[in-house]
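Below: one structure, written as structure tokens.
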2 protein chains.
Amino acid sequence: MANITKKVSWSSRGDESGGGERTPLLNGSEEVRYTRQVGLAFFPGSPRLYEQYRWCKSVCVCVCVFQSLDYDNSENQLFLEEERRMSFLGFKCLEISRWVICGLIGFLTGLIACCIDIAVENLAGVKYYVVKQNIEKFTEVGGLSISLILWAVLNSAFVMLGAVIVAFFEPGAAGSGIPQIKCYLNGVKIPRVVRLKTLVVKVCGVICSVAGGLAVGKEGPMIHSGAVVAAGVSQGRSTSLKKDFKIFEYFRRDTEKRDFVSAGAAAGVSAAFGAPVGGVLFSLEEGASFWNQMLTWRIFFASMISTFTLNFFLSIYNNKPGDLSSPGLINFGRFESDSVAYNLYEIPLFIVMGAAGGLLGALFNILNYWLTIFRIRYVHRPCLQVMEAMLVAAVTATVSFAMIYFSNDCQPLGPDQSEDYPLQLFCADGEYNSMATAFFNTPERSVRSLFHNPPGRLFYNPLTLSLFTLFGILLAAITPNGSVSVRGLYGPHYGGGIVRMTLSLTVIMVEATGNVTYGLPIMLVLLTAKIVGDYFVEGLYDIHIKLQSVPFLHLEAPATSHWLTAREVMGAPVTCFNRIEKVGTIVDVLSNTSTNHNASLSSCRSPLLGKICGLILRSQLIVLLKHKVRELARSRLTQRKLQLKDFRDAYPRFPPIQSIHVSQDERECMMDLTEFMNPTPYTVPQETSLPRVFKLFRALGLRHLVVVDSENRVVGLVTRKDLARYHLGKHGLEEMQLAQT
Amino acid sequence: MANITKKVSWSSRGDESGGGERTPLLNGSEEVRYTRQVGLAFFPGSPRLYEQYRWCKSVCVCVCVFQSLDYDNSENQLFLEEERRMSFLGFKCLEISRWVICGLIGFLTGLIACCIDIAVENLAGVKYYVVKQNIEKFTEVGGLSISLILWAVLNSAFVMLGAVIVAFFEPGAAGSGIPQIKCYLNGVKIPRVVRLKTLVVKVCGVICSVAGGLAVGKEGPMIHSGAVVAAGVSQGRSTSLKKDFKIFEYFRRDTEKRDFVSAGAAAGVSAAFGAPVGGVLFSLEEGASFWNQMLTWRIFFASMISTFTLNFFLSIYNNKPGDLSSPGLINFGRFESDSVAYNLYEIPLFIVMGAAGGLLGALFNILNYWLTIFRIRYVHRPCLQVMEAMLVAAVTATVSFAMIYFSNDCQPLGPDQSEDYPLQLFCADGEYNSMATAFFNTPERSVRSLFHNPPGRLFYNPLTLSLFTLFGILLAAITPNGSVSVRGLYGPHYGGGIVRMTLSLTVIMVEATGNVTYGLPIMLVLLTAKIVGDYFVEGLYDIHIKLQSVPFLHLEAPATSHWLTAREVMGAPVTCFNRIEKVGTIVDVLSNTSTNHNASLSSCRSPLLGKICGLILRSQLIVLLKHKVRELARSRLTQRKLQLKDFRDAYPRFPPIQSIHVSQDERECMMDLTEFMNPTPYTVPQETSLPRVFKLFRALGLRHLVVVDSENRVVGLVTRKDLARYHLGKHGLEEMQLAQT
């Protein structure tokens with residue numbers, strides 16, 4: 001038996017080892033071992049199965065091994081047997097379960113949104129009340145600097161609380177969460193992103209940050225929260241709480257989990273903006289290639305339940321039970337409907353607005369890009385991060401205070417007292433400082449009052465408005481993980497210039513403003529902003545994803561990549577297992593990985609002598625080893641047959657190979673992988689062009705694609721990283737450096 | 001040389017032969033020939049290419065042949081060479097061309113919508129004016145039956161005109177067009193569906209039908225028109241007009257054309273309802289699996305341009321240039337915005353409404369189903385069809401007249417005279433018959449007045465409303481190719497129960513009513529209607545698609561189909577060509593097809609001895625033969641090399657094989673297929689489960705999938721028809737009979 005064992009590409013930082021790693025890294029530990037075996041392989045199972053492998057009997061057997069998150073079902077014998085056993089009624093029940101889970105996801109997401117809203121309102125209310133009392137006390141007697149200090153200290157205190165929780169307990173909860181969920185839906189496994197602890201820390205963090213006056217928005221955290229809720233509820237257990245409800249076990253795999261996470265993200269958007277259709281579109285724009293009509297309806301259902309729940313509980317909280325008029329956290333209020341909302345001559349104006357927004361957005365993104373790089377380099381210790389956040393909170397308070405102080409834009413106090421915290425300051429009696437409405441308020445309220453002052457009275461003067469916008473943008477830009485949509489929604493053109501999600505953002509805006517009349521202008525503005533912005537720099541989320549070297553797959557291969565073939569991009573040579581392999585060999589291959597590093601030997605051509613007959617995941621091998629299946633090989637009858645349930649129980653946190661101890665005796669046993677490998681992995685010939693490989697990979701949500709020669713012998717393996725490193729730069733195809741350990 | 005030639009599955013009715021065939025048939029003429037060849041194949045081209053086929057040199061060569069519409073690029077050498085030659089700037093130019101084309105599509109679709117609208121308004125205006133004069137004349141003196149006859153004759157005359165044009169000139173233009181476009185986007189090629197003649201006939205037909213009072217809607221024809229415009233504009237030529245503008249030649253293939261057709265369909269929806277986002281969603285829901293973000297934006301752009309164009313020209317027509325307040329053909333007018341639009345206790349009410357709508361919709365669909373079957377059996381001659389349409393038009397007029405005549409629901413004539421054709425009949429002076437508003441009007445106007453009577457005066461009484469709805473539904477049900485959305489929009493619940501496009505219909509409704517406040521109730525109602533309706537019967541379009549035995553692929557394989565494998569569903573054995581084949585053999589195989597019929601020998605296992613090395617389309621072979629490439633084999637240097645352009649010029653109407661005459665000398669020549677075949681077709685092992693095959697097929701938009709054994713030898717071929725015939729019935733998996741000739 002000739003053994004040719006070579007490690008190919010390996011990333012030592014996997015899910016198992018990643019304790020508190022903040023850098024999202026592809027967990028792409030591909031590793032394959034190749035062996036030649038002459039003679040008849042062992043065929044357990046039914047005669048049918050025997051026939052199935054008839055072709056392989058006189059040829060070599062090859063099984064690829066790696067551990068990776070996968071959106072393609074591993075259709076091994078166990079799986080197929082289960083599916084074939086299941087009755088029509090069983091599938092109906094599963095379908096109903098999916099709807100129930102989506103309902104639950106929507107309900108819980110709405111509830112979380114409600115909690116965040118109430119907590120922020122109350123905390124910010126207390127803060128503004130205290131500061132207002134203080135300002136009023138000192139306006140007459142002088143010494144407003146004490147008020148400023150009080151405000152800054154209060155802000156910093158809130159922010160410190162939030163920052164400490166995030167930085168020390170769960171750094172993964174930092175940031176808006178949208179890039180992480182984007183990556184998850186794209187198929188990149190980012191450690192700890194959908195855990196319960198992350199959710200709790202995130203919710204606390206966002207409450208403290210918003211109450212502390214930071215320019216962060218709730219939409220990112222809501223999307224993230226929805227995703228975590230979905231990942232938890234759909235699995236019917238919590239690994240953190242060590243509680244298994246023994247339900248929804250069928251859904252314990254990446255394929256199903258991803259669908260529910262899409263629904264959760266949509267429910268989050270829906271709760272944040274009161275925009276259920278916008279939520280569905282957000283999920284679609286991000287998880288585009290995996291779309292499916294039944295799934296869309298379930299996502300839609302989750303979104304609806306989410307906004308209904310929020311609406312319902314807020315109506316109770318506001319003592320108007322049953323009044324469903326606040327569907328989202330971020331409400332711009334209803335806009336007046338007008339039959340002739342705009343005219344033809346305004347269209348060039350919209351385009352100019354869009355272009356300006358695109359430019360501003362690009363500027364924001366560039367500023368944010370440099371600041372993020374600065375942060376990655378110099379502000380990586382938790383203490384520093386907390387201090388930075390506190391500093392920004394203090395600066396926010398100072399800037400706001402200065403703006404209010406130096407403003408002399410006084411407005412008469414309306415009879416309806418629509419201001420929450422009107423500051424008189426140096427205005428005449430019966431008047432209030434209008435700049436205070438903008439800065440002495442939670443972001444949503446200030447935006448709402450910006451749009452909705454009663455039409456009768458002259459609102460902010462243009463200078464107030466410009467300064468408010470300018471400083472709002474600057475504050476958002478310097479805020480760590482600053483939000484773009486809340487403050488960004490000062491003008492849709494500006495938000496559109498930053499995030500570039502035209503379609504879903506349009507629908508979100510239309511749904512959030514409650515008036516479709518402005519739909520067309522909004523679209524026009526957003527589209528222009530996107531086109532102009534794209535000319536200069538990528539969208540904000542894409543920048544963040546690229547900064548973290550995530551192997552994110554875009555929707556299509558770069559246009560000029562037809563000259564590349566699978567042979568050139570694949571990792572090779574690959575090492576494989578026999579269909580019936582010695583336990584020792586498997587353990588050695590699995591444990592040796594951390595000493596190896598990535599290597600792409602695309603031109604190597606080692607003697608390859610066997611045909612592919614299946615694909616088995618690293619995680620599956622570990623479960624196999626753990627359950628000592630090696631004993632089965634010796635005395636099949638006395639041992640319990642390994643079930644799909646055993647794999648599901650271990651999902652998604654498979655034990656590291658180091659935790660499995662194998663004695664010298666056991667090393668000599670043989671393990672039959674036939675039942676557990678996927679006998680029909682997708683393969684491509686080595687001369688396939690890159691766009692073709694990319695299309696297959698992306699459309700099916702694969703994580704690994706076997707490259708074979710004309711004899712069906714394995715010659716290489718294409719992984720996400722191999723595809724993601726090519727991108728279109730200003731001057732054509734460029735090869736990017738991706739995160740490698 | 002041992003030849004094993006067997007025809008497998010063949011459909012004699014293809015695009016070429018289908019002169020005026022009305023039954024949409026899969027043009028799935030698969031045919032494969034298989035030959036063993038020993039020795040070194042001939043390797044033209046670069047050394048690189050030689051290496052590429054190194055593996056094949058000592059093995060047999062196999063090329064599959066069939067002719068079929070394909071959403072997967074045939075990445076042959078010519079194609080790859082062109083792509084590799086193209087510069088970065090070239091791709092940028094292509095991208096800009098795509099945007100320009102989408103803009104043009106939107107513009108032309110908007111223009112067509114505008115023409116239809118103006119024509120219908122004027123024709124119907126003349127009709128109602130004449131009838132009104134007549135009625136007023138005869139109300140006093142008695143003899144209203146003359147008015148009835150006049151009305152019926154006028155209706156029938158209009159309808160006859162439309163029906164004659166459709167039935168005798170282009171039967172493909174009959175029907176709403178939505179099922180056809182659904183099929184096209186799904187990947188089924190329906191003959192003559194996107195031709196210029198179809199467009200002209202369709203537009204004339206819809207104008208006559210609507211003016212003639214038939215319960216047909218404009219949304220279907222608009223979607224169809226948009227698709228035809230897209231298919232025409234994107235190709236830069238018209239085959240019907242024999243005019244080639246020599247532009248956009250790159251887009252002359254199914255992959256690109258399909259993208260533009262999606263944009264056209266979206267532009268059609270957008271123009272019909274003034275709902276650009278709804279249009280995009282419609283395209284997405286129908287062409288779901290081929291989605292792509294850049295494409296979505298282009299579709300969005302086309303939709304926007306379309307509604308803008310319509311709006312702009314209508315504003316000029318209405319002498320209010322620049323007033324962009326009529327974005328769609330089907331306008332419900334703006335609804336008043338209300339801050340508390342609905343309350344919690346109304347939610348059960350919405351659900352009940354939805355359930356009722358689902359039931360009604362299901363009833364409508366069942367009725368329509370039986371009527372359609374009746375029509376297919378007994379009303380298949382053009383004359384009969386014209387007569388049927390005229391009869392329905394006369395019945396419509398009679399029913400409407402009777403409703404008006406027996407109604408005694410008089411309403412005072414408002415001071416603003418909002419009625420277009422108020423009929424006094426037996427009402428007191430200064431009053432008018434309110435039933436006449438509903439029936440003596442174009443459908444859009446009656447629906448609009450239904451929703452928008454000035455709030456002050458008591459509108460229709462409930463009996464009028466119920467009768468109007470009931471007869472509206474009945475009339476729509478009996479109308480050949482009756483519309484569902486216009487009349488169906490009497491209540492969204494009812495429309496939802498019929499067509500079941502929840503998400504896009506919601507957005508369309510929200511955009512068409514111009515108020516997002518009702519968004520949530522609409523969603524709830526539509527979702528309930530869909531769920532209830534699905535329990536009883538499929539959606540209307542699906543029923544029509546199934547009635548015509550179209551091999552329509554749904555989004556997922558039936559749940560209980562895991563026990564089926566590729567081996568069981570594929571067509572086998574397959575016949576193949578050598579890489580270098582005798583011209584005579586090719587011609588024989590291509591011409592013999594019509595004498596063969598479909599045969600699915602799934603259990604046959606003939607001796608297969610060669611490996612797959614490429615895939616060539618029947619259409620490509622025909623072009624090859626036509627250009628006498630066989631001569632190239634003899635003296636390569638003296639002959640012009642066949643270009644991709646030659647294939648594009650022939651697209652999409654390839655000549656039939658019978659038109660190519662091959663002399664006995666020529667039959668003996670050899671033809672090298674290497675450059676023209678796709679060397680990397682997608683393949684699956686024969687033990688792959690049906691859902692896995694389905695997923696690959698659907699996600700990549702394939703039309704044929706090669707099934708290979710472990711030695712990479714061709715054992716079968718999976719086509720659309722093989723997959724579409726399985727569907728989930730009430731009691732599990734069922735095998736359907738699909739159209740076979």
Side-chain angles (χ1 to χ4, degrees), chain A residues 52 55-56 75 80 83-84 88 91 276-277 280 285 288 291-293 296-297 300 304 312 322-325 334 337 339-340 342-345 502-503 506-507 510-511 514-517 519 523 527 555-556 559-560 562-563 611 679-680 684-685 687-689 692 695 699-700 709-712 732, chain B residues 52 55-56 75 80 83-84 88 91 276-277 280 285 288 291-293 296-297 300-301 304 322-325 334 337 339-340 342-345 502-503 506-507 510-511 514-517 519 523 527 555-556 559-560 562-563 611 679-680 684-685 687-689 692 695 699-700 709-712 732:
Chain A
Q52 190 166 323
W55 297 107
C56 311
E75 289 205 343
L80 284 177
E83 294 280 318
R84 284 165 190 167
F88 182 53
F91 282 106
V277 177
V280 175
E285 273 194 282
W291 202 36
N292 163 328
Q293 215 162 356
T296 313
W297 282 320
F300 191 28
M304 270 174 57
F312 178 66
D323 165 14
L324 305 182
S325 56
R334 299 279 161 211
S337 185
S339 68
V340 188
Y342 54 95
N343 214 304
L344 190 68
Y345 65 81
T502 321
L503 196 65
T506 307
V507 176
V510 167
E511 289 189 295
N515 195 315
V516 90
T517 320
M523 280 173 222
L527 200 62
L555 279 144
E556 272 185 347
T560 55
H562 267 101
W563 55 272
K611 295 181 193 313
T680 54
V684 285
E687 57 269 20
T688 313
S689 73
R692 208 171 167 79
K695 196 181 165 198
L700 299 178
D709 64 12
S710 66
E711 301 281 343
N712 245 345
Chain B
Q52 190 168 319
W55 297 107
C56 311
E75 289 205 343
L80 285 176
E83 293 281 317
R84 284 164 189 165
F88 182 53
F91 282 106
V277 177
V280 175
E285 275 194 280
W291 202 37
N292 164 327
Q293 216 160 357
T296 314
W297 282 320
F300 192 28
F301 181 65
M304 270 173 57
D323 166 14
L324 304 183
S325 56
R334 299 282 161 208
S337 185
S339 67
V340 188
Y342 54 96
N343 213 304
L344 190 68
Y345 66 81
T502 320
L503 197 64
T506 308
V507 176
V510 167
E511 289 188 293
N515 195 316
V516 90
T517 320
M523 279 172 221
L527 201 61
L555 279 144
E556 273 185 345
T560 53
H562 266 102
W563 56 272
K611 294 183 194 311
T680 55
V684 286
E687 57 270 19
T688 312
S689 71
R692 207 172 170 78
K695 196 181 164 195
L700 300 178
D709 64 10
S710 66
E711 301 280 342
N712 244 348

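Treat the numbers as computed from the prediction; the structure is a model and nothing was measured. Throughout, a chain's letter reflects where its sequence line sits, starting with A, and its residues are numbered from 1.
- Annotation: side-chain hydrogen bond (donor to acceptor under 3.5 Å, both in side chains) contacts of B:Ser689 (sequence neighbours excluded): A:Glu75.
- When every heavy atom of A:Thr680 is checked against every heavy atom of B:Arg692, the shortest pair comes out as O-NE, 2.9 Å.
- Contact detail for A:His562 and B:Leu80: the closest heavy-atom pair is CD2-CD2, 3.5 Å.
- The two residues B:Leu700 and A:Lys695 make their nearest non-hydrogen contact at O-NZ, 3.5 Å.
- Atom-to-atom distance recorded for B:Thr560:OG1 and A:Glu83:CD is 10.0 Å, nearest 0.5 angstrom.
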